[in-house]
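Lettering of chains follows the sequences in order, A, B, ..., and the numbering in each one begins at 1.
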Amino acid sequence: MRMNIKNHKTLTVVLSAVAIVAVACGVLYSYRTFVAGSAEFSATATSTANASETMTVFADDAEGYSLSLPDDWHIEENATSSIAAYSSSPSAPECKISLSAFPAVADDDRASWIAATIGADPTLAVKEDSSEEVSVDGAPAVRWSGTIDGAPATLVYAFSDAHAYEIAPSSMDGGASSCADALDVFLNGITFTSSVLQ
Amino acid sequence: MRKKIYAMGAAAGFAIIFFFASSRTEAYADNFKLPYAAGQSFVVAQGYDSPPTHVGKDEYALDLTENGCDAYGKAAVAAAGGRVMLAAEEGYNGGYGTEALIVSDGGLVERYAHLIPGTIDVGDESYVTQGEVLGRIGDTGLVAGTACAAHPGTHIHFAVDRIMPDGTYAAYDAEPISGYVDITEGHWYLSDNAPGAVGGNNRGGSEESPGIAPSTPSSTPSVPSSSAPGLVLGASVEATGTAATSSPAAASSSDDGEPCL
């Protein structure tokens, strides 16, 4: 096929423009700006300690909780109201139980809040097997069982006036199911407290 | 004349191909950096495709830490820029504990897990840039380990997921990361992830060893009094092309695998 001179020039101009735009876009796309972040941090968390006596952790000024656990348990605090309790030695725990405190949840919203909390991470595949109403230190609670990303999981959510608490047992050896006894010990050892009353 | 036109057309075609190829590279693999601050060396405590936890969408996950409790409280920094998909300050989160998810251009999601509650410095839906501090490395969620008695299992879990067309998430091989390929359990890796840095480690050579981790971790190795196995204690790391031999007191991955999510 033959092209006349005018078409040749037009084609040349178009192709050249495309090339220039493509290269320019590549350069712009590769360009990045960066923001400096703080590099220092003062860890305020405390080390694990034997749970040899009742330990009180205040979630905030309004209310908190205390734990009374067997001597061979260890408790790890951090800068917030969250804690981790280790049955037996933290080096080889039978079970790790994490407790996280969240703002209070209205009675009618508990079911949806639990679903939203468990599924907050959108990458997780969550499947509920059961959801049972229970009581923790007299407070209404829900014991949730199911699988998360295929792994068995048991989570307990307790609701006090000032907070919602998530209690999560975990174990490398046998999943949450191997923590059943430890979870019962933990739940029996927790007491919700009010600083106002003290 | 016709040859000249053909040549120019070919040049334009190459330019277009180069643009799209470089765009994909920028959005994907070549741009990731290690998720801790430049100048620090961490060891891979648990590497790719290692059960029970680094499977499925975590097949290409890396658990990174230092000796003893050295990693605890250190900054977790963005491996790539993007939008904060989730900043979970509290909670179990399926075993990931306190975590941040960053979604990058191209539909990749980076996970920074087991951070310390209350330390996440970024908010949901905010945008972060590579090297920006996201939070502090901790031990929340499903972790285990003996190296750090005060905070058992301290490490950062870093993984990249690809969002699939059906909305599920699949493992994504993010290498090279800071220029490293074939990242291996038990080896140390030096980060070049500083705000404003570009490109990966210079794999062409450095004073210590060609583009690889230093012979001694940047932090002072600490050896706990306990002799429990774990991330710490005495085991030397095999020298390879991507990581250098550690000092006798430096950490390595333990034989027990230091399992963690």
Side-chain angles (χ1 to χ4, degrees), chain A residues 3 5 8 11-12 14-16 18-20 22-23 25-26 29-30 32-43 45-48 76 78-82 84 86 90-93 96 98 100-102 117-118 120-126 148-151 153 155 166 168 170-172, chain B residues 1 5 8-9 11-12 15-16 18-19 22-23 26 37 52 56-57 72-75 77 81 85-86 88 90-97 99 101 109 111 116-119 121 129-133 136 138-142 144 146 149-152 161 168-169 195-198 226 228 259:
Chain A
M3 302 174 71
I5 297 299
H8 289 169
L11 180 60
T12 301
V14 169
L15 291 175
S16 298
V18 168
I20 291 169
V23 171
C25 288
Y29 196 79
S30 299
R32 293 212 173 210
T33 57
F34 298 88
V35 176
S38 62
E40 299 302 320
F41 172 74
S42 176
T46 60
S47 61
T48 51
E76 177 188 2
N78 56 55
T80 70
S81 54
S82 300
Y86 301 87
S91 296
K96 174 183 179 182
S98 305
S100 303
F102 295 88
T117 301
I118 297 174
D121 182 332
T123 71
L124 298 178
V126 178
I148 301 177
D149 281 350
L155 299 164
E166 181 189 63
S170 62
S171 170
M172 285 294 175
Chain B
M1 187 58 159
I5 292 172
M8 294 184 71
I16 294 170
F18 171 78
F19 166 65
S22 63
S23 296
E26 178 68 18
K57 74 177 192 297
Y72 190 85
K74 289 203 170 153
V77 302
M85 189 179 185
L86 175 70
E90 300 279 354
Y92 185 65
N93 295 308
Y96 294 113
E99 64 168 341
L101 300 177
V109 177
R111 182 188 308 279
I116 299 174
T119 67
D121 293 340
T129 54
Q130 189 175 56
E132 187 171 343
V133 175
R136 300 292 161 174
D139 65 334
T140 51
L142 177 57
T146 57
H151 309 290
D161 292 343
T168 60
Y169 295 80
V198 293
S226 70

Would you name the heavy atoms of B/Gly91 and A/Glu166 that are closest together and state the gap between them? CA-OE1, 3.2 Å
Rounded to the nearest 0.5 Å, how far does OG1 of B/Thr140 lie from NZ of A/Lys96? 6.5 Å
For B/Glu90, what residues pass the side chain to side chain donor-acceptor pair (under 3.5 Å) criterion, not counting sequence neighbours? A/Thr80, A/Ser82
Pair count under 4.5 Å, heavy atoms only, with chain A: among B/Asp161, B/Val77, B/Asp139, highest is B/Asp139
Could you tell me which non-hydrogen atom of B/Ala144 sits nearest to which non-hydrogen atom of A/Met172, and how far apart they are? CB-CG, 3.8 Å
Which portion of A/Asp149 sits near chain B, non-hydrogen atoms under 4.5 angstrom: side chain
With sequence neighbours left out, the residues meeting side chain to side chain donor-acceptor pair (under 3.5 Å) with A/Thr117 are none
Does any non-hydrogen side-chain atom of A/Pro122 lie less than 4.5 Å from one of B/Leu101? yes
Scanning both residues in full, the closest heavy-atom pair of A/Ala120 with B/Asn93 reads CB-OD1, 4.2 Å
From CG (A/Leu124) to OH (B/Tyr169), nearest 0.5 Å: 9.5 Å
Smallest heavy-atom separation, B/Leu142 atom then A/Ser170 atom, equals CD1-CB, 3.6 Å
Where is the tightest heavy-atom contact between A/Asp121 and B/Arg111, given as atom of each residue plus distance? OD2-NH1, 2.6 Å
